[in-house]
*Asks:* 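So that we are looking at the same thing, I have put the structure below in structure tokens.
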Amino acid sequence: MRTETPQPIRLSDYRPPAFLVEEVALEFDLSPNATRVKAKLTIRRNGEHREPLKLNGERLKLVSVALDGRPLGDGERQIDAEFLTVPSVPNAFSLETEVEIDPEANKALEGLYMSAGRFCTQCEAEGFRKITYWPDRPDVLSRFTVRIEADKTFQRLLSNGNLIEAGERPGGRHYAVWKDPFPKPCYLFALVAGELDVLEDKLTTMSGRIVELRIYVDPGMAPRAAYAMDALKRAMKWDEETFGREYDLDLFMIVAVRDFNFGAMENKGLNIFNSSLLLADPETATDMDYERIESVVAHEYFHNWTGDRITCRDWFQLCLKEGLTVFRDQSFSADQRGHAVQRIKDVKALRARQFAEDQGPLSHPVRPSSYLKIDNFYTATIYEKGAEVIRMLRTLIGPELFRKGMDLYFERWDGHATTVEEFIRCFAEASGRDLSPFFAWYEQAGTPRVSLASRYDAAARTLELELAQETAPTPGQPTKQPLSVPLRIGLLDQDGRALAFGRDGEALDETVVVLDGARAKVTLDSVERPPVVSALRGFSAPVVLETDAEPKDRYVLLAADPDLFNRWEAGQALARELILARAAGKADEVGEERFAEAMGRALSDQAADPAFKALLLALPSEPDLALVMSPADPGAIHEAREALRTRLAAHLAESLRRLHTGFQEAGEFSPDAAAAGRRALRNAALDMLAANPTAQTAELALGHYRGAGNMTDAIGGLTALMLIGGPEFEIALAEFYERWRAEPLVIDKWFALQARDPDEGALGRVIGLTAHPAFDSKNPNRLRALVSTFANFNPVRFHDPSGAGYRFLADQILATDAFNPMIAARLVDPLGGWRRYRPELGALMKAELQRILETEGLSKNVFELVSRALGEAAEA
Ligand code: B3K
Ligand code: ZN
């Protein structure tokens, strides 16, 4: 057990920075084990105070420090594990420091570190303090000049901004000087040095400037950056057309690295990407990879305005850049790939991650008010719910006023660090509306439950809607207030025809009802026939909706709702109810047959988009079902879900086979949304067929795998073989490894696939794989592929009644925490929900959390999450 409890940082304690750094000149003398960093800071006191100068710095070996050119003696400055303090400084001065760091030894992958023999950096949120002494907070914006010197074997020397000088140095060395004209917080600093190939292109911006685009990758990999380059150009144009935002430097660079703690980073002019989110070709990447590359390339690029030009005053405002930028990348993807399909995928992700978070110990508001480690708050709530809040704002004030508010925000705050309040103020001013009630979405944690009851009066032809909302208490927030919930609502008649109606004298096909109190009644008139209510269309608010709809209403919506999101939602709701009934021992066989019939009809709808049908065919996932079963029983869920899948596979065998054959692609591979949708449907059909294994299905799966001309189909075939099991799977798995052993990103898929295997022997196999020569826990992609995939996506084996799955995860958390706390902390989540599971399982999960907490030398990151999970620090 730790002896001293770390102290939380609180939003209410925010004070402006005591000193500002106007300019900085950094000089890097790169060497893997002993890099020298010289920094010359031009500093000015901010305000009337006599406080000492206090700079953050961790794991730095101080060589020298001088004030206005005069070296400071031991008595004139203090150093501890976290700060350099100079008690007495003038109001304006220069401070020169020199430190030594060891990038090779840095396995936390924060600050300056080595990946595959190259130098690279990651500074957000608080990594810059591991590079040099600095006021490491986002509201200190400075102009950076960076000189990099290294041995010529480190071929490329890159940093932010524009290259202003480069040349040779004696002794086989070279140097480059970069200047970034835009003031930025240190978390956006980046440096890369090493041997890299480059893919180059150009783009002419809306004002006619030419921007050089460069993507740097491992030698030989440049062709695999072509899709990312294409996505980047589309994103740049889209931001001009949709938000009027133009790129500002003459050069935009992206670098791919293999060892990276998360997806990618928006450093000014020099984005750094996890190679898994940048490199793609048909042989090695799946359609899902292409889709994610497109969205993450766009996301990081969009940060140039929402994050870099306008940044956060403090880390509590993280959603100001992240929620907004996710909203922007979701809108981009919807425009590129189709609005309904994109919306369904975004909502699936929101529910799986954010709704789950809200049910657990980490439930926190979109803008939290305290934390121990900000790294733990790069959460689905900040990102995905943060994006939903902006989407609701747009629904409430309308797209034109929303754009007007965005324009005002860009104009008013460009070049500054600001807050969520100031952001919302722009929309209040643009729309002339009082948005203060809306602000509660940022401050209140938890998923509201909205109920909807409807009463049709045939004589009066009116429909009365009775709405109510409630949010359950979350850690640190025992009482909740009603929020402004926009519900998009339309009506269908019993035959599935759209039904017009009247509201406040207006004839409508659809309306937005805003529920802003605990309850409300709304009357729709001129409703000519008994209606079926289609509510919360497009998932217009991040809530759980409970309606009085009966299965027959859901079948109408599934067959005919013009809102495709709700059509999909109706199918999911039906499946969920059937699976949960079966898991509770009350299987509804008649209902299951009826559902299979309806799915058959939906699949044969020639007008429907294949990508949409693929989504329709996928039943709610086991983790999603666990969220709505109380207490959750992963074993029962798995069996019940499989039983429904088997029934569907048997009932729909013929149409599934037809889909499988009919969508066989000939000709050249295209990663576009239409082709990807056809592959998705074909693979979804095979996946469903595998739930009813016959000799014929096994042959089909093997043929699918062997005949695959791209990675999407190869993984689809291999997954089906895995679900069927047996020697064919083992042979294919071994072949796959041999074929791809030199391709790390493909071998990650090989690990992840086995981690998902629901077979009884899977846990043993996963534990065995940690000893495989290709397993490397220091590489976050590999660790995630095996360990996170298993713990998050294989509930039936992770929740093994013996507790062995939990023990395995706890061991991995502890082992990883010794060198990479950020990644270790990300593994805690699957244990965090212990209270929601069957008591026998919950007790075993809790015991593992306690074992972790009692371990000596735990990082703050893991300590915060484990203690919250155990309910020892209920702050939010
Ligand atoms: N801003 C980064 C995330 C940084 C995470 C630091 N722990 C990537 C992104 O959201 O675009
Ligand atoms: Zn982001």
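Start at 1 and go down the list; that is how both ligands and their atoms are numbered. Residue indices begin at 1 and follow the sequence shown.
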*Asks:* Among the N, O or S atoms of Glu322, which one sits nearest to the Zn ion (ligand 2)?
*Replies:* OE1
*Asks:* Can you tell me which residue pairs pass the side-chain hydrogen bond (donor to acceptor under 3.5 Å, both in side chains) test with a partner in residues 819-833, sequence neighbours excluded?
*Replies:* Asn261-Asn820
*Asks:* For ligand 1, which atoms, with element, lie under 4.0 Å from some heavy atom of His303?
*Replies:* 9 (C), 10 (O), 11 (O)
*Asks:* Identify, by atom number and element, the atoms of ligand 1 in contact range of Met822, meaning under 4.0 Å from any of its heavy atoms.
*Replies:*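 Counting atoms of ligand 1 from 1, those under 4.0 Å from Met822 are 7 (N).
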*Asks:* So does Arg118 pair up with Asp218, basic N to acidic O under 4.0 Å?
*Replies:* yes
*Asks:* So if I count the atoms of ligand 1 from 1 in the order they appear, which ones are less than 4.0 Å from some heavy atom of Met265?
*Replies:* 1 (N), 2 (C)
*Asks:* Do NZ/NE/NH1/NH2 and the carboxylate oxygens of Asp414 and Arg309 come within less than 4.0 Å?
*Replies:* yes
*Asks:* For Val140 and Pro17, work out which heavy atoms get closest and say how close.
*Replies:*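 What the structure gives for the nearest pair is CG2-CB, 3.8 Å.
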*Asks:* What class does the angle between the rings of Trp305 and Phe410 fall in, given that below 30° is parallel, 30 to 60° is tilted and above 60° is perpendicular?
*Replies:* perpendicular
*Asks:* Taking only residues two or more places apart in sequence, or in another chain, which ones meet Ala228 in a side-chain contact (heavy atoms from CB on, under 4.5 Å)?
*Replies:*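 Listed in chain order: Ile215, Leu278, Ile293, Val297.
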*Asks:* If the plane angle is over 60° it's perpendicular, under 30° parallel, otherwise tilted; pick one for Tyr371 and Phe316.
*Replies:* tilted
*Asks:* Who's the nearest protein heavy-atom neighbour of atom 8 (C) of ligand 1, and how far?
*Replies:* Ala264 O, 2.9 Å
*Asks:* Among all protein non-hydrogen atoms, which one is nearest to atom 6 (C) of ligand 1, and what is the separation to 0.1 Å?
*Replies:*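 Nearest neighbour among protein heavy atoms for atom 6 (C) of ligand 1, to 0.1 Å: Glu124 O, 3.3 Å.
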*Asks:* Nearest heavy atom to atom 11 (O) of ligand 1 wins, so pick from Glu110, Lys321, Glu300.
*Replies:*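 The residue whose heavy atom sits nearest atom 11 (O) of ligand 1 is Glu300.
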*Asks:* Identify, by atom number and element, the atoms of ligand 1 in contact range of Glu266, meaning under 4.0 Å from any of its heavy atoms.
*Replies:*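 This gives 1 (N), 2 (C), 8 (C), 9 (C), 11 (O) as the contact atoms.
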*Asks:* Need the atom name: nearest N/O/S atom of His299 to the Zn ion (ligand 2).
*Replies:* NE2
*Asks:* Among all protein heavy atoms, pick the one closest to atom 10 (O) of ligand 1 and tell me residue, atom and distance.
*Replies:* Tyr383 OH, 2.5 Å
